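What follows is a set of notes on a single structure, which appears directly below.
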Amino acid sequence: SAKEAAARNWDNALAALNAALEIAPGDESILKKIQTIQEKQLRERLDGLLAKVEAAEKAGRWDTAISTLNEYLQWKPDDAAIQKRIANLVEAKHAAWLKGVMARVDQAMAAQNWDEALTALNEALRLEPDNAEMQTKAAQVREMRRVAELNARLQRADQAAGAGRWDEAINILNDGLASDSENET
């Protein structure tokens with residue numbers, strides 16, 4: 001590849017300069033050329049890492065992007081912009097995770113699959129027990145499930161009463177009272 005060829009060229013140039021340095025130790029012009037080549041090599045390596053980060057970030061591969069930036073910091077540890085970028089990527093990864101949880105919850109709620117919605121929320125709350133948004137959403141799902149169950153029970157009772165099955169209607173309503181004694185409906 002082009003990168004490998006460029007790396008070989010830099011390595012060959014450094015080898016030649018190191019050989020020249022053996023002949024003329026301490027020659028400032030040779031030392032300066034070695035330093036210049038090493039700086040260019042480092043810049044290419046860092047640029048390659050940043051390109052890898054860009055590709056990973058666009059693909060939503062947060063862990064790859066973060067680990068590649070950490071590799072970058074091994075070569076240039078004091079780069080504040082890269083440190084900030086890592087913090088931003090960690091935040092973006094978290095936001096994407098939360099968005100995924102909420103999409104899963106919303107999809108389950110739309111299908112009135114209350115258990116699935118609560119499972120997703122409980123998984124998230126195990127990792128982030130103080131997440132107010134998740135706590136609020138869990139309370140909302142529990143209330144929606146309670147209302148849906150109440151409406152289904154009332155509909156079954158109405159159907160039984162409409163068909164003249166009075167005992168069945170009364171039993172359905174008594175079961176509702178047993179499970180939710182505070183509910184006046």
Side-chain angles (χ1 to χ4, degrees), residues 1 3 42-162 168-169 171-185:
S1 81
K3 285 183 183 180
L42 178 60
R43 183 76 259 147
E44 281 184 10
R45 180 176 284 131
L46 295 177
D47 288 346
L49 290 172
L50 291 177
K52 183 178 175 183
V53 169
E54 290 295 326
E57 191 175 357
K58 284 179 184 173
R61 295 186 336 258
W62 307 112
D63 291 333
T64 300
I66 292 166
S67 68
T68 303
L69 286 176
N70 280 321
E71 184 180 342
Y72 182 105
L73 285 177
Q74 290 175 356
W75 293 100
K76 198 173 176 187
D78 297 330
D79 192 325
I82 295 300
Q83 292 170 350
K84 172 83 170 127
R85 190 163 178 195
I86 289 173
N88 290 342
L89 284 174
V90 168
E91 188 176 311
K93 176 184 173 185
H94 181 257
W97 172 74
L98 285 175
K99 184 178 176 183
V101 169
M102 290 308 250
R104 191 172 144 203
V105 169
D106 290 341
Q107 186 177 17
M109 288 174 64
Q112 294 190 357
N113 189 339
W114 312 116
D115 291 337
E116 185 178 324
L118 287 171
T119 297
L121 287 164
N122 287 330
E123 288 170 7
L125 285 168
R126 266 194 299 279
L127 297 173
E128 293 188 11
D130 297 329
N131 186 315
E133 181 183 8
M134 295 289 174
Q135 291 172 348
T136 301
K137 193 74 163 185
Q140 179 187 12
V141 169
R142 284 190 291 274
E143 178 60 19
M144 290 176 75
R145 177 176 63 181
R146 189 188 71 73
V147 168
E149 288 170 352
L150 173 65
N151 289 337
R153 187 179 305 274
L154 290 173
Q155 185 178 12
R156 284 195 325 271
D158 286 345
Q159 288 171 346
E168 182 182 340
N171 287 335
I172 291 170
L173 293 172
N174 281 332
D175 288 345
L177 279 174
S179 66
D180 191 2
S181 60
E182 308 258 332
N183 192 323
E184 293 179 15
T185 307

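All values reported here derive from a predicted model rather than from experimental measurement.
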For this session: Please lay out, stage by stage, how Glu54 and Arg85 fare under the test salt bridge (charged side-chain N to carboxylate O under 4.0 Å, His left out).
Result: CA-CA 11 Å; Glu54 290 295 326; Arg85 190 163 178 195; 2.5 Å; yes

Problem set entry | Approximate separation, where rounding is to 0.5 Å, of Asn151 CG and Arg146 CZ | 9.5 Å

Problem set entry | Check: Val101 and Glu123 side chains under 4.5 Å, non-hydrogen atoms | no

Exercise. Would you say Leu69 and Glu57 make side-chain contact, with heavy atoms under 4.5 Å?
Worked result: no

Seminar exercise, completed: Residues passing the side-chain contact (heavy atoms from CB on, under 4.5 Å) test with Gln140, sequence neighbours excluded, are Met109, Lys137, Met144

Exercise. Do Asn113 and Gln107 have side-chain heavy atoms sitting under 4.5 Å apart?
Worked result: no

Exercise. Considering all heavy atoms of both residues, which atom of Ala120 and which atom of Val105 are nearest to each other, and what is their separation?
Worked result: CB-CG2, 3.7 Å

For this session: Drop me the distance from Asp106's CG to Lys99's NZ, to the nearest 0.5 angstrom.
Result: 11.5 Å

For this session: Evaluate the side-chain proximity of Glu44 to Asp47: yes if any heavy-atom separation is below 4.5 Å, no if none is.
Result: no

For this session: First locate atom CG of Leu49, then atom CG of Asn70, and finally report the distance between them rounded to the nearest 0.5 Å.
Result: 11.0 Å

Seminar exercise, completed: Between Val53 and Ala65, the two heavy atoms sitting closest are CG2-O, 3.8 Å

Sequence neighbours left out, cut at 3.5 Å: what donor-acceptor pairs do the side chains of residues 73-82 make with other protein atoms?
from	atom 1	to	atom 2	distance (Å)
Asp79	OD1	Ala81	N	3.1
Asp79	OD1	Ile82	N	3.2
Asp79	OD2	Tyr72	OH	3.2

Exercise. In Å, rounded to the nearest 0.5 Å, how long is the span from CD of Glu133 to CG of Leu121?
Worked result: 9.5 Å

Problem set entry | side-chain contact (heavy atoms from CB on, under 4.5 Å) between Arg43 and Leu46, intermediate numbers included | CA-CA 5 Å; Arg43 183 76 259 147; Leu46 295 177; 3.7 Å; yes

For this session: Determine, for Arg156 against Glu149, whether the closest basic-nitrogen to carboxylate-oxygen distance falls under 4.0 angstrom.
Result: no

For this session: Report the residues that fulfil salt bridge (Lys or Arg N to Asp or Glu O under 4.0 Å) with Arg153, sequence neighbours left out, ordered by chain and then residue number.
Result: none

Exercise. Nearest 0.5 Å, what's the CZ-CG distance between Arg145 and Asp115?
Worked result: 5.5 Å

For this session: Please assess Arg61 against Thr68 for the test side-chain contact (heavy atoms from CB on, under 4.5 Å), listing each intermediate value before the final yes or no.
Result: CA-CA 11 Å; Arg61 295 186 336 258; Thr68 303; over 6 Å; no

For this session: Could you walk me through whether Leu173 and Leu154 pass the side-chain contact (heavy atoms from CB on, under 4.5 Å) test, one step at a time?
Result: CA-CA 7 Å; Leu173 293 172; Leu154 290 173; 3.9 Å; yes

Exercise. Judged by atom type as modelled, is there a donor-acceptor pair below 3.5 Å linking the side chain of Gln159 to the main-chain atoms of Ala169?
Worked result: no

For this session: Please report the shortest heavy-atom distance between Gln135 and Pro129, naming the atom on each side.
Result: NE2-O, 2.6 Å

